Amino acid sequence: MGQHDSDRSPPMTKRSRNDNDPGNDGSAKKIRTEPDSQQVSLSDDASPHDHSPATDDRQQDFEADIAKAIKLSMEQAEKYHCGLNGESSVDGDSGSPTSLPGRPQQQHHCPVCSATLVLSIGKFEQHVNECLDQGGNTLSTSTTTDKQQTSSWKQLFTSIPKTLHNAFTSSTSATTTTTTMTRTLISSTTSPRRYKSMPDYKWMKDTNFVVDAFSYGKIPDCEGYFLTHFHSDHYGGLSKSWSYGPIFCSQITANLVKHKLQVDEGYLSVLPMNEPTFVLPTIKVTLIDANHCPGSVLFVFDIQHSDATWTRHLHTGDFRANPEMCLHPLLRQPDNPTIDTLYLDTTYLNAKYGFPAQEECIQAACRAVESHIGIQDDARPKTALDRWVGQSAPPSPKITQSSAFDALMTGSKVANRSKGLLVVVGTYSIGKEKVFCALAKLLGSKIFVTQAKRSILRCQENKELENLLTLDQNEAQVHVVPLNHIKPENMYAYLKSLSPRFTSVVAFRPTGWTFRATKAEETEMEIGSLSQVTTPPLDRRLVLRPGHSSPTVKIYGVPYSEHSSFRELASFIASLDINHVVPTVNNESEKARTRMAMYLNKWGQDKQGKPIQVVPYPAISHW
DNA sequence: GCGATCAGTT
DNA sequence: CACAACTGATCGC
């Protein structure tokens with residue numbers, strides 16, 4: 001996102017950054033029972049959630065206008081910042097935050113009160129801020145003086161929670177809109193950090209818990225911070241100075257948080273896997289493996305109400321959906337309660353994202369390595385088979401023959417033939433372990449990692465994995481390096497540094513976006529019914545093609561994703577009983593939101609009146 | 001010098 | 001160009 005960095009804390013401020021953190025929208029409510037305004041209903045009583053194209057377009061214009069206006073306001077507010085606490089303003093640099101003299105007046109739409117206003121940008125900002133301050137209950141079009149604007153900013157970041165609380169308890173659709181809008185505006189990319197507020201979907205409904213929300217400072221009334229997994233875009237804001245409340249997560253994630261961020265152990269509350277655990281007298285939480293990265297979990301929240309009834313919500317964090325999850329004793333239908341609200345990882349909730357199962361990718365990577373072992377064999381006379389294998393895009397039946405051929409060779413012979421071949425796998429700090437483990441197994445090799453990487457892997461408490469690791473580059477034919485190191489120049493240099501132990505290198509970049517559905521597949525997915533979308537493709541063969549290829553260096557992208565594909569998301573939704581879905585990814589774009597709502601509504605309709613059963617699968621590990 | 005954040009990169 | 005997630009640079013304190 002193109003962030004503009006025009007906003008710095010004024011030097012004289014006495015408030016700490018955290019004090020400035022608004023943590024505002026919606027944060028002051030008690031138990032939340034309002035439906036999130038962005039959720040999509042999958043239930044029979046599916047209330048249409050106003051996503052007509054016309055509305056969206058206008059909405060988009062509003063947001064764009066407002067984002068601009070807000071940015072300007074922020075800059076102006078910045079100048080006043082010293083006065084925000086009601087302390088005497090420091091004179092000097094503040095200057096006059098005028099309404100930009102010389103600007104023509106133009107028509108604007110206030111996103112809060114919906115009024116159409118003909119005002120200069122500066123005056124318009126004042127109006128919007130006033131509206132925001134009042135929780136959207138004003139229809140006033142009056143402008144404010146500069147001084148009033150100052151106090152209006154103070155209010156926005158200190159008093160809004162109360163305002164919104166009131167708004168929430170009075171529960172009108174207008175205030176719901178306001179809440180969402182407030183969030184949208186303030187968290188827009190043009191806003192300075194300390195004004196960032198938390199999106200609604202971070203609150204777990206019917207609780208005072210938040211999920212993956214560490215970058216908003218202290219969140220008022222928040223009783224617990226849940227962390228789904230250890231990736232920086234989810235733990236962002238966590239550091240050793242964390243003191244805002246208990247963090248609930250898996251053992252592996254807790255290990256990583258301790259090791260990498262030095263968060264005080266006292267704040268870490270490890271929950272067991274697969275075992276409903278009371279975190280409050282009326283709330284139990286179950287962790288289920290999310291199939292994303294080590295330690296990643298789904299959170300099942302079961303909440304008991306005062307009338308002794310229970311409500312269930314499921315937060316997927318980041319996840320790669322598979323049949324195993326839907327067959328989990330605590331999720332499978334019909335043995336378990338309906339999921340009222342599903343907080344869904346919608347990263348790839350778009351028909352253009354179709355990619356193979358992880359197993360298929362790993363197989364394909366293994367076949368690629370096998371083909372290079374063939375090429376490496378200078379001693380062996382060239383056969384027709386070798387010539388096939390040596391082609392850059394060998395037809396897959398011949399690949400199969402190659403695998404069969406290699407399988408016939410004795411272990412030592414394979415090892416000998418591949419001795420000078422180095423296999424490099426790129427990873428982020430955690431994740432993609434299955435890829436390098438499978439390759440190491442194929443080659444009967446250990447895995448080279450740096451010390452730093454080893455201590456990260458040790459957080460998984462997996463002795464089998466640890467025993468495969470080595471710190472000696474020469475001892476392992478499989479090397480794990482940071483993903484962004486895998487580019488041609490680096491690989492040539494790396495190979496040279498390891499000469500003469502290794503003579504060629506095959507490198508893999510496992511990443512989700514290498515692969516795209518064909519246009520035809522995309523169209524079918526786009527318009528297909530739920531059962532059509534969940535139907536697997538007939539041809540699931542995957543042949544990797546190197547993105548870079550020379551006699552000594554080959555680099556392959558592998559469509560190895562740790563997020564669900566479009567088809568898997570559809571399969572997951574089809575396999576469970578769900579009332580509502582709240583997307584947790586791609587929410588910033590109106591276009592994406594509309595698109596996601598469209599799919600979810602359609603699928604919801606397709607499910608009507610049909611019994612819930614797990615979508616047929618070729619293996620329990622994938623659809 | 002440390003912590004936080006953003007732009008750039010694959 | 002898609003995306004997620006990381007690194008390095010830069011800023012403020």
Side-chain angles (χ1 to χ4, degrees), chain A residues 1-21 78 81 187-196 212 214-217 228-243 256 260-263 292-293 296 317-320 345-355 424-432 450 452-453 456 480-491 507-519 522 547-548 555-566 569 584-589 591-592 595:
Chain A
M1 306 277 165
Q3 302 267 9
H4 285 281
D5 212 19
S6 48
D7 50 83
R8 297 290 163 206
S9 270
M12 305 300 284
T13 179
K14 292 194 177 162
R15 311 173 84 197
S16 76
R17 281 172 167 255
N18 289 330
D19 288 338
N20 284 331
D21 268 329
E78 197 59 49
H81 192 227
S187 69
S188 92
T189 54
T190 48
S191 311
R193 179 189 93 85
R194 67 187 169 289
Y195 302 127
K196 187 171 65 174
D212 295 345
F214 297 92
S215 57
Y216 310 96
T228 59
H229 66 289
F230 193 73
H231 273 156
S232 57
D233 49 336
H234 292 257
Y235 66 68
L238 250 187
S239 70
K240 64 179 162 196
S241 58
W242 178 262
S243 62
L256 288 159
K260 294 273 282 187
L261 307 176
Q262 284 94 48
V263 169
H292 177 67
C293 65
S296 65
D318 279 359
F319 83 133
R320 180 130 192 205
D345 166 18
T346 44
T347 300
Y348 293 130
L349 186 54
N350 181 322
K352 71 183 179 199
Y353 296 116
F355 39 76
V424 171
V425 180
T427 71
Y428 296 133
S429 78
I430 60 170
K432 330 272 178 179
T450 60
K453 178 74 180 177
I456 289 168
V480 175
V481 306
L483 194 52
N484 57 355
H485 282 199
I486 300 194
K487 41 186 155 181
E489 321 88 87
N490 289 358
M491 289 302 102
F508 293 100
R509 308 187 75 256
T511 159
W513 63 267
T514 312
F515 218 68
R516 253 191 99 114
T518 65
K519 219 38 190 170
E522 181 181 335
H548 173 91
I555 300 179
Y556 291 91
V558 186
Y560 184 92
S561 173
E562 291 183 331
H563 291 274
S564 314
S565 69
F566 186 72
L569 288 170
T584 58
V585 183
N586 294 326
N587 263 316
E588 270 57 58
S589 148
K591 211 173 154 184
R595 178 192 291 277

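Within every chain, numbering begins at 1; the chains are lettered A, B, ... in the order of the sequence lines, protein sequences first and strands thereafter. This structure is a prediction, so every number in the text was calculated from the model and none was measured.
- The interatomic distance linking A:L483 (CG) with C:dC6 (C1') rounds to 9 Å, in whole Å.
- Residues A:K352 and A:H292 both approach DNA chain C. Their nearest nucleotides, taken by heavy-atom distance, put A:K352 toward the 5′ side.
- With sequence neighbours excluded, the residues satisfying side chain to side chain donor-acceptor pair (under 3.5 Å) with A:T518 are A:E521.
- Atom P of nucleotide B:dA4 and atom CZ of A:F214 are separated by 14 Å, given to the nearest angstrom.
- As rounded to whole Å, 10 Å separates atom C1' of C:dA2 from atom CG of A:N350.
- Distances were taken from every side-chain heavy atom of A:H234 (C-beta onward) to each of B:dT10, C:dA5, C:dA4; the shortest belongs to C:dA5.
- Dashed line: the shortest gap from a side-chain N or O of A:S232 to OP1 or OP2 of C:dC6 is under 4.0 Å.
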Expected list for residues 234-241 of chain A: side-chain donor-acceptor pairs under 3.5 angstrom, two or more places apart:
| residue | atom | partner | partner atom | Å |
| --- | --- | --- | --- | --- |
| A:H234 | ND1 | A:D212 | OD2 | 2.8 |
| A:H234 | NE2 | A:D318 | OD1 | 3.4 |
| A:H234 | NE2 | A:D318 | OD2 | 2.9 |
| A:S239 | OG | A:S241 | N | 3.3 |
| A:S239 | OG | A:S241 | OG | 2.9 |

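- For the OP1/OP2 pair of C:dC3 and a distance below 4.0 Å, the side-chain nitrogens and oxygens of A:Y348 include no atom meeting the criterion.
- The interatomic distance linking A:Y560 (OH) with C:dA4 (C1') rounds to 15 Å, in whole Å.
- The nearest heavy atom of DNA chain C to A:K260 and to A:T346 marks one nucleotide each, and the one closer to the 5' end goes with A:T346.
- OP1 or OP2 of C:dC3 has not a single side-chain nitrogen or oxygen of A:T347 nearer than 4.0 Å.
- In this structure, A:S589 contributes its side chain and A:A592 its backbone to a donor-acceptor pair below 3.5 Å.
- Going from atom CD of A:E588 over to atom P of C:dA4 covers 11 Å, rounded to whole Å.
- At the phosphate of B:dG3, OP1 or OP2 sits under 4.0 Å from a side-chain N or O atom of A:K240.
- Among the nucleotides C:dA5, B:dG3, B:dT10, the one closest to any side-chain atom of A:H563 is C:dA5.
- The line from OH of A:Y556 to CZ of A:F508 is 6.5 Å long, rounded to the nearest 0.5 Å.
- Nearest nucleotide to the A:S241 side chain, out of B:dA4, C:dA4, B:dT10: B:dA4.
- Rounding to whole angstrom units, CZ of residue A:F319 and C1' of C:dA4 are separated by 16 Å.
- Shown are A:T427, A:N484, A:V424, A:I486; of these, the side-chain contact (heavy atoms from CB on, under 4.5 Å) with A:R509 is made only by A:I486.
- Between A:N586 atom CG and C:dA5 atom P the separation is 12 Å, expressed in whole Å.
- Of the candidate nucleotides C:dA5, B:dT10, B:dA4, B:dT10 has the atom lying nearest to any side-chain atom of A:R509.
- In this structure, A:N484 atom CG and B:dT9 atom P are separated by 11 Å, rounded to whole Å.
- Checked against B:dA4, C:dA2, C:dA5, the side chain of A:Y353 finds its nearest nucleotide in C:dA2.
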